[in-house]
Amino acid sequence: MTAPYRISFICTGNICRSPMGEVVLRQLIADAGLADRFEVTSRGTGGWHQGDPADPRTLAALAARGYNGAAHRAAQLTDADIRDHDLLIALARDHERALLDRGADPDRVALLTTWDPDQPSDPDVFDPYYSDADAFDTVLTQVERSAAAVLEQLRASRRH
């Protein structure tokens with residue numbers, strides 16, 4: 001048996017955007033019967049929220065669409081994460097820069113919006129932290145459609 005393909009979503013504090021990516025993609029993978037082939041995590045570039053659950057508005061947006069993010073605990077990105085993940089999905093350009101500045105292989109780093117079928121003019125996924133619950137719902141919509149495209153590409157490239 002081969003090791004699972006390791007994917008991590010990266011945002012600032014790991015309580016809003018990246019947990020959404022982790023929870024959504026993990027669920028899509030499970031629904032496709034591929035949970036044994038992929039490992040999905042998320043990390044923050046900063047450690048302010050380390051050990052904390054996802055933002056309550058993240059959890060509420062996820063729950064409203066049938067996802068369970070209750071197990072999430074924020075974690076800060078480590079050098080081992082950068083080294084050991086096959087794909088690092090940055091939620092914004094500053095996260096992408098942080099990964100590259102820390103030595104991540106550029107071939108294993110991508111912006112989530114690369115997969116967004118709506119091809120937004122802004123390559124950054126909006127940070128809803130200082131906004132209301134509606135912003136979290138909007139971000140989740142973008143994460144869902146992008147994560148579905150990520151899974152399709154992974155299935156095609158890994159023949160799953």
Side-chain angles (χ1 to χ4, degrees), residues 6-32 38-78 81-82 85-102 104-155:
R6 299 186 70 209
I7 303 153
S8 191
F9 289 85
I10 312 299
C11 75
T12 305
N14 192 219
I15 60 168
C16 299
R17 294 168 287 179
S18 59
M20 286 183 187
E22 174 186 355
V23 169
V24 169
L25 184 59
R26 185 180 292 135
Q27 186 62 53
L28 291 172
I29 287 169
D31 291 349
F38 297 97
E39 180 182 313
V40 184
T41 62
S42 63
R43 301 288 187 260
T45 57
W48 312 279
H49 301 286
Q50 199 159 343
D52 294 344
D55 186 289
R57 297 164 295 176
T58 296
L59 296 173
L62 287 165
R65 299 213 193 156
Y67 302 104
N68 184 350
H72 175 78
R73 293 296 175 266
Q76 186 172 6
L77 180 70
T78 67
D81 294 320
I82 292 170
H85 282 82
D86 300 295
L87 177 60
L88 298 160
I89 301 176
L91 277 288
R93 289 170 289 182
D94 58 332
H95 309 130
E96 179 183 44
R97 275 190 301 277
L99 287 163
L100 296 173
D101 287 350
R102 289 185 60 180
D105 179 348
D107 291 335
R108 294 186 299 122
V109 175
L111 285 167
L112 181 64
T113 52
T114 302
W115 288 279
D116 188 337
D118 286 2
Q119 291 299 295
S121 59
D122 185 351
D124 298 338
V125 174
F126 176 73
D127 184 354
Y129 185 74
Y130 293 104
S131 299
D132 61 13
D134 289 341
F136 283 77
D137 191 56
T138 299
V139 168
L140 181 54
T141 297
Q142 183 176 24
V143 167
E144 283 181 313
R145 69 177 177 251
S146 301
V150 168
L151 178 57
E152 287 311 307
Q153 181 179 331
L154 289 170
R155 289 178 86 160

Between Glu22 and Ile89, is the side chain to side chain contact (heavy atoms under 4.5 Å, CB included) condition met? List the steps. CA-CA 10 Å; Glu22 174 186 355; Ile89 301 176; over 6 Å; no
If we only count heavy atoms from C-beta on, is the Met20 to Phe9 side-chain gap below 4.5 Å? no
Run the salt bridge (Lys or Arg N to Asp or Glu O under 4.0 Å) test against Glu96 and tell me which residues pass, sequence neighbours left out. none
Within the distance-only criterion (no hydrogens, no angle test), does the side chain of Arg17 pair as donor or acceptor with the backbone N or O of Val125 below 3.5 angstrom? yes
Atom pair CG/CG of Leu87 and Asp107 - distance to nearest 0.5 Å: 11.0 Å
Just how far is it from atom OG1 of Thr12 to atom NE2 of His95, taken to the nearest 0.5 Å? 3.0 Å
Sorted by first residue and then second, give each side chain to side chain donor-acceptor pair (under 3.5 Å) pair with at least one member in residues 110-120; sequence neighbours left out. Trp115-Gln153, Asp116-Gln142, Asp116-Arg145, Asp118-Arg145
Could you tell me if the side chain of Arg73 sits less than 4.5 Å from the side chain of Pro53, heavy atoms only? yes
How close do Cys11 and Leu91 get, heavy atom to heavy atom, and via which atoms? CB-CB, 4.2 Å
Can you list the steps and then say if Ser146 with Leu112 is a side chain to side chain contact (heavy atoms under 4.5 Å, CB included)? CA-CA 7 Å; Ser146 301; Leu112 181 64; 3.6 Å; yes
Taking C-beta and beyond as the side chain, do Pro123 and Leu111 meet within less than 4.5 Å on heavy atoms? yes
Rounded distance (nearest 0.5 Å) linking atom CZ of Phe136 with atom OG of Ser131: 7.5 Å
Could you give me the CA-CA distance, side-chain angles and deciding distance for Val23 and Val143, then say whether side chain to side chain contact (heavy atoms under 4.5 Å, CB included) is met? CA-CA 10 Å; Val23 169; Val143 167; over 6 Å; no
Among pairs that include at least one residue of residues 56-67, which meet side chain to side chain donor-acceptor pair (under 3.5 Å), considering only residues two or more places apart or in two chains? Asp55-Arg57, Arg65-Asp137, Arg65-Thr141, Arg65-Glu144, Tyr67-Glu144
Value for NE2 (His85) from CD1 (Ile10), rounded to nearest 0.5 Å, stands at 7.0 Å
Leu25 to Ala147 - nearest heavy-atom pair and separation: CD1-O, 3.7 Å
Would you say that Phe126 contacts Thr138 through its side chain, given a criterion of any heavy-atom pair below 4.5 Å between the two side chains? no
Any donor-acceptor pair under 3.5 Å linking the side chain of Asp94 with the backbone of Arg97? no
Looking at Ala75, is its backbone amide N or carbonyl O close enough to the side chain of Asn14 to form a donor-acceptor pair, meaning the two atoms are under 3.5 Å apart? yes
Given Ile15 and Tyr129, is the side chain to side chain contact (heavy atoms under 4.5 Å, CB included) satisfied, shown in steps? CA-CA 9 Å; Ile15 60 168; Tyr129 185 74; 3.6 Å; yes
Which value, rounded to the nearest 0.5 Å, describes the distance between Leu88 atom CG and Ser42 atom OG? 12.0 Å
Between CG on residue Asp86 and CD1 on residue Ile7, distance to nearest 0.5 Å: 8.0 Å
